[in-house]
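Worth saying up front: this structure is predicted, and the values here are computed from it rather than measured. We name chains A, B, ... by the order of the sequence lines, and we start the count at 1 in each one.
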Amino acid sequence: MSNITALGKEQHLALYRQMLEIRRTEEQLAKSHQAGLIPGACHTYVGEEAIATGVCAHLTHQDAVFSTHRGHGHALAKGVPPREVIAELFGRVTGCSRGRGGSMHLFSPEVGMMGTSGIVGPCILQATGAGYTSKLLNTGNVGVAFFGDGASNNGAFHEGLNLAAIYDLPVIFVCENNMYATEVAFSYATRNTEVAERARSYGMPGVAVDGNDVVAVYEAAAEAVKRARAGHGPTLIEGKTYRTRAHVEGMRDGGYRTQEEIDSWKARDPITTYRARLLEAGLVAEAEVNAVDEAVRVLVEEALEFAKNSPYPDPATVSRYIFSEASA
Amino acid sequence: MSNITALGKEQHLALYRQMLEIRRTEEQLAKSHQAGLIPGACHTYVGEEAIATGVCAHLTHQDAVFSTHRGHGHALAKGVPPREVIAELFGRVTGCSRGRGGSMHLFSPEVGMMGTSGIVGPCILQATGAGYTSKLLNTGNVGVAFFGDGASNNGAFHEGLNLAAIYDLPVIFVCENNMYATEVAFSYATRNTEVAERARSYGMPGVAVDGNDVVAVYEAAAEAVKRARAGHGPTLIEGKTYRTRAHVEGMRDGGYRTQEEIDSWKARDPITTYRARLLEAGLVAEAEVNAVDEAVRVLVEEALEFAKNSPYPDPATVSRYIFSEASA
Amino acid sequence: MSTTTATTTREITFTAAAREALSEAMAADPRIFVVGEGIGARGGNFNTTTGLYELYGPMRLRDTPIVERGFVGMCTGAAMTGSRPVVDFMFVDFILDAMGELINQVAKMQYMSSGRLKMPMVLRGCIGISGASATHHSGSYYPLFVNIPGFKVVLPSNAYDAKGLLTTALKGDDPVLFLEHKLVLNNKGHVPEESYSIPFGQAAVVREGTQATVVALSSMVKKVSDACDSLAKEGISIELIDPRTVAPLDVDTVLQSVHKTGRLLIVDEAFGPCGVGAEISAQVTARGFDDLDAPIQRLNGVHTPTPYSPPLEAAVVPDVKQIVQAIRDLLAE
Amino acid sequence: MSTTTATTTREITFTAAAREALSEAMAADPRIFVVGEGIGARGGNFNTTTGLYELYGPMRLRDTPIVERGFVGMCTGAAMTGSRPVVDFMFVDFILDAMGELINQVAKMQYMSSGRLKMPMVLRGCIGISGASATHHSGSYYPLFVNIPGFKVVLPSNAYDAKGLLTTALKGDDPVLFLEHKLVLNNKGHVPEESYSIPFGQAAVVREGTQATVVALSSMVKKVSDACDSLAKEGISIELIDPRTVAPLDVDTVLQSVHKTGRLLIVDEAFGPCGVGAEISAQVTARGFDDLDAPIQRLNGVHTPTPYSPPLEAAVVPDVKQIVQAIRDLLAE
Ligand SMILES: Cc1ncc(C[n+]2csc(CCOP(=O)(O)OP(=O)(O)O)c2C)c(N)n1
Ligand SMILES: Cc1ncc(C[n+]2csc(CCOP(=O)(O)OP(=O)(O)O)c2C)c(N)n1
Ligand SMILES: [Mg+2]
Ligand SMILES: [Mg+2]
């Protein structure tokens with residue numbers, strides 16, 4: 001278990017607030033999906049909030065994050081406001097992708113959220129490319145890829161990690177090992193479920209952390225980001241975690257995993273356990289976390305209203321932005 | 001160094017003969033290329049003969065071999081006669097691919113030579129598929145992929161090895177680590193040049209052997225083939241070796257490696273060192289190896305004549321075999 | 001000809017029909033196996049294999065890691081050595097990671113080996129725009145496979161054709177793309193219980209007419225049919241042709257029709273440039289020029305990545321109204 | 001307009017011209033870097049980067065492992081974050097392993113991000129059949145990229161165009177396929193030393209004529225030109241058009257020409273079905289129907305994987321004799 005006394009109160013409250021913002025937004029999205037407000041798919045990050053939160057705490061808006069189909073948490077942790085995420089899933093022009101993307105295509109380059117992808121794998125390579133730009137133009141920025149255990153079997157993992165390693169690029173590869181790819185168990189999909197160990201093949205440090213312990217993630221990420229910014233190359237971080245909702249909203253969630261397993265992970269919820277630890281250790285006062293709870297509640301409620309009241313994009317614009325405007 | 005006393009005379013002479021057949025054929029091809037008899041590319045296997053020889057010694061015509069651009073040696077070791085290889089490179093209809101393929105597309109399914117590929121990577125996946133057929137239809141056959149160090153960085157390696165591992169397929173992955181991919185050094189292309197170590201990522205045994213020692217290869221392959229046929233799954237074998245000619249005939253061979261390095265490997269030539277060891281240990285008589293030398297010389301000479309005298313394919317047939325005849 | 005009315009009037013969905021073809025073929029031929037993500041116990045994201053795992057077990061319904069290139073390459077080697085793989089991509093968009101294997105290996109294998117290797121492989125996946133799937137789950141990439149020699153490309157538009165065409169695909173020795181538009185999956189149709197096959201390269205004349213010929217692909221067959229219905233009320237008579245396979249492409253049937261009508265429109269959700277409509281137009285122009293009373297026209301999906309938001313999405317797919325207008329324009333020329 | 005005769009009469013090869021464009025652009029813009037196998041110290045298998053490593057160093061001329069998908073994906077992320085990658089595939093056949101990244105990411109990135117990300121990426125590689133390269137080293141896959149929205153596709157046929165078009169590609173913010181036919185690489189032409197650019201989407205009228213229009217692509221421009229020379233001796237006057245870019249495709253210039261000649265033939269080594277010729281034919285039919293005095297015809301490479309053996313190889317590529325015959329046939333209609 002991580003040493004929570006190493007961080008100050010402000011840091012703890014910020015981490016807690018960020019996780020909660022993701023959780024409440026996801027819960028709202030799940031509800032909205034049931035209510036028919038989300039026309040497309042919706043993969044929630046519920047249960048995995050500690051990872052995006054612990055990693056993104058070290059990033060500036062110039063650092064570039066690349067993510068995958070389960071990307072709401074990454075977008076939020078990187079600084080995309082909940083209202084832009086919700087509006088995007090509602091298909092509104094005020095969404096972070098202006099309604100062109102939906103759940104699996106969240107873009108907000110303004111804050112360094114360089115996109116989620118409906119295709120599993122590419123984010124690993126693209127983060128490597130962000131590292132290349134950083135080194136080429138000497139910006140000091142890092143590239144970060146978030147991806148699942150499922151992606152770690154894909155060729156993009158092998159090629160991307162190797163490229164980052166040989167060019168010594170400032171990249172953090174964050175594998176969110178939630179033990180399943182849709183309904184296919186990771187233990188079926190590989191004979192070595194220790195993703196962090198694979199780093200050895202690329203001559204790169206690999207670190208496995210408890211992905212439900214935000215401070216453990218925070219510390220591993222601190223080290224990796226420091227290495228990257230210092231020019232010492234990439235790191236692979238494996239966060240062991242679990243999604244407690246179905247793969248995608250509206251999909252059945254039975255047969256491939258036991259209720260026991262789900263419950264055991266729910267008991268290790270990254271948010272409630274952290275809250276309890278902070279209070280128990282006396283690092284924050286109950287009133288302080290309650291205030292955060294309330295602030296997040298209001299934020300997400302307002303975000304929902306904002307999204308609901310936002311207009312749809314104009315169909316006349318449908319062919320814009322295929323090419324850069326200059327060249328069109 | 002391998003224990004050569006474990007094999008009998010016939011086996012030694014067969015291994016020696018096979019290596020020499022490859023060498024003499026390659027030398028003839030190199031000469032023929034210079035003479036303008038080969039219209040396309042020609043990547044020779046000179047210096048690496050021990051690997052194909054040591055592995056294929058364990059295979060029947062029902063076992064399936066898949067290879068890459070540097071595939072002459074694999075085809076020959078698998079049982080394609082030199083004349084069919086030479087004729088193929090000459091573009092003749094008597095070639096093993098009937099003139100459709102050339103150096104990088106050698107097919108002889110009759111002997112289980114399932115093709116070489118001008119594209120680096122696919123053979124790894126295809127051998128996995130041969131293993132799948134074997135298991136599905138319960139044939140007891142194995143699939144074998146030969147590929148270079150360069151291919152081991154490609155996503156096909158990652159995906160193919162993992163698939164073979166999780167399905168417990170009878171496959172042997174043979175990486176010919178000759179330290180270069182064209183002019184790019186393997187030590188530039190990866191931070192972990194020990195390919196065999198990568199097997200760990202897939203929960204598969206990985207064995208590194210001296211790829212210039214035919215008996216060492218033979219023994220590693222024996223073990224791997226035994227495992228495969230027994231239903232215990234795949235093995236990765238890394239043969240450390242060196243090509244002593246240019247990447248491809250007619251290409252300059254300077255700048256990226258030193259003459260010293262080349263010479264040091266030439267001194268470890270798999271054929272001459274083996275010959276010397278056999279004689280020194282008294283396992284074969286000089287007259288016996290001389291007889292092999294002569295037989296191979298004649299074989300390759302006749303193969304050359306055969307190829308030279310063979311007709312070209314009929315241009316009227318150019319669109320045949322795109323689809324199966326039944327369906328065309 | 002069936003003797004039981006119960007059988008001949010049975011109506012099942014496109015998905016059920018295709019699954020029936022698959023199950024029949026698997027029962028008859030133990031060399032057939034299916035790979036894909038979640039096609040085992042789960043039965044496939046689109047229910048392509050529901051119930052089959054129980055019948056045929058894990059070697060023949062093989063769940064995979066997320067390695068599209070990997071399992072296509074594996075299936076290539078499997079097909080080369082005597083088994084008959086079916087690759088279920090779920091969304092066909094994921095096929096793109098396997099293009100190297102498909103174009104350089106699968107499509108060329110029989111040719112490279114001078115016909116000594118066969119390549120019996122069925123590649124199936126859902127195509128098309130629907131339900132705010134956005135640009136990574138809405139593609140219809142068939143023109144790419146028509147351009148490359150070595151593929152057969154099947155676009156069934158209804159349940160009956162789905163079963164018959166998939167049966168043909170599974171019996172053949174060639175690589176076949178079997179592409180199922182999301183919008184037709186749940187459409188029901190009359191499907192005989194007994195096995196039957198529909199040959200490739202034979203277009204269906206879906207309705208006969210005299211004033212213009214419309215060729216429609218996949219989900220557009222239904223939309224054009226609706227458009228024809230509405231035009232018929234005004235006495236406008238349209239001949240509607242569904243090629244069913246676009247490689248091979250039955251242009252003869254189109255030419256015969258154009259010989260009669262003198263006018264041709266091709267309606268296709270997939271992209272226009274270098275698309276199937278372009279190919280049909282070029283062939284009809286070259287071979288039936290004198291039959292043409294008006295320029296051949298195409299109506300395609302808008303040439304853009306597929307947007308997510310419903311009003312944008314709706315704007316990129318040809319709808320019945322646009323089809324009606326396109327036919328009117330064609331008749332007015 | 002240049003003032004020095006020395007400059008204006010300089011003749012250099014296609015490869016040298018393209019390399020000059022690249023070097024000029026790299027000198028001007030430190031965000032440009034090149035990746036590929038052997039494009040560093042070795043200077044590229046086709047000498048695309050000879051001498052540049054010494055000028056710009058290893059960060060900007062970056063040798064790669066054999067990971068086509070990997071380095072395309074890496075370059076995608078690089079372009080998204082402000083650098084300007086040039087991907088040198090050597091043989092364009094190798095691009096197929098990167099199709100997922102190209103179609104789902106590169107081509108869609110600007111759209112998905114509503115124009116807030118740019119995608120300045122030049123993808124170059126050698127195309128075409130020559131020298132018994134066989135089927136893994138002879139492809140011309142451009143119709144695939146014309147079909148997909150989001151790519152610009154350049155097919156320079158000569159040294160002058162190579163420099164001007166590559167300059168445009170390197171200055172733009174869009175993904176550009178720059179495809180160099182092996183048979184034109186060593187052809188010399190007049191190339192100004194100073195920098196210049198040729199806009200995309202403007203066809204060149206290579207020679208004027210009155211009796212028929214021939215559109216030729218890439219290496220076929222020279223062959224058609226030779227055919228026209230021989231026909232000219234008989235007084236036959238052909239207008240030859242080189243589109244130079246096939247996305248965007250300048251059909252207006254073709255229409256103007258057909259308005260004059262009434263006849264059109266498209267000559268293209270690449271595959272016919274759903275090819276560029278089909279697209280040109282379909283557009284000209286739709287828009288210039290009344291100008292046509294005869295059916296539009298296409299002459300393409302044979303629709304087959306490329307065989308190795310020289311007599312087979314020769315049989316799949318249109319040659320001057322076939323072109324002459326095709327033009328005669330067109331005039332006879
Ligand atoms: C290339 C590709 N293949 C298949 C899919 C379908 N798909 C979407 S999510 C998913 C599972 C992903 O698993 P993992 O990477 O572990 O992420 P998780 O959903 O567990 O967060 C699959 C197979 C896809 N999006 N892209
Ligand atoms: C996918 C692909 N990319 C690039 C090439 C060009 N190429 C041919 S051989 C070669 C080097 C291969 O190196 P390695 O795998 O080590 O085999 P070796 O030649 O050393 O035997 C390259 C890059 C190719 N054939 N295929
Ligand atoms: Mg997972
Ligand atoms: Mg090598």
Are any side-chain N or O atoms of [X] and backbone N or O atoms of [Y], one a donor and one an acceptor, separated by less than 3.5 Å?
{"X": "D:E37", "Y": "D:D63", "value": "no"}
{"X": "D:S138", "Y": "D:T135", "value": "no"}
{"X": "B:R245", "Y": "B:T44", "value": "no"}

Basic-acidic side-chain contact under 4.0 Å: B:E48, B:R243: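 A salt bridge is absent here (no side-chain N lies under 4.0 Å from a carboxylate O).
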Contact winner vs chain B - [options], heavy-atom pairs under 4.5 Å:
{"options": "D:G70, D:P305, D:P311, D:G40", "result": "D:P311"}
{"options": "D:P65, D:P307, D:G131", "result": "D:P65"}
{"options": "D:T64, D:D97, D:V67, D:I66", "result": "D:I66"}

Considering only heavy atoms, which portion of [X] lies under 4.5 Å from any heavy atom of chain D: side chain, backbone, both, or neither?
{"X": "B:S117", "value": "both"}
{"X": "B:I119", "value": "both"}
{"X": "B:F186", "value": "neither"}

Greater than 12 external heavy atoms within 6.0 Å of D:K223's NZ: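 Yes, because the 6.0 Å sphere around NZ of D:K223 holds more than 12 heavy atoms from other groups.
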Residue among B:T182, B:I38, B:L89 with most heavy-atom pairs under 4.5 Å to chain D: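 The residue among B:T182, B:I38, B:L89 with the greatest pair count is B:L89.
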Aromatic ring proximity B:Y45/B:H72, centre distance under 6.0 Å: no
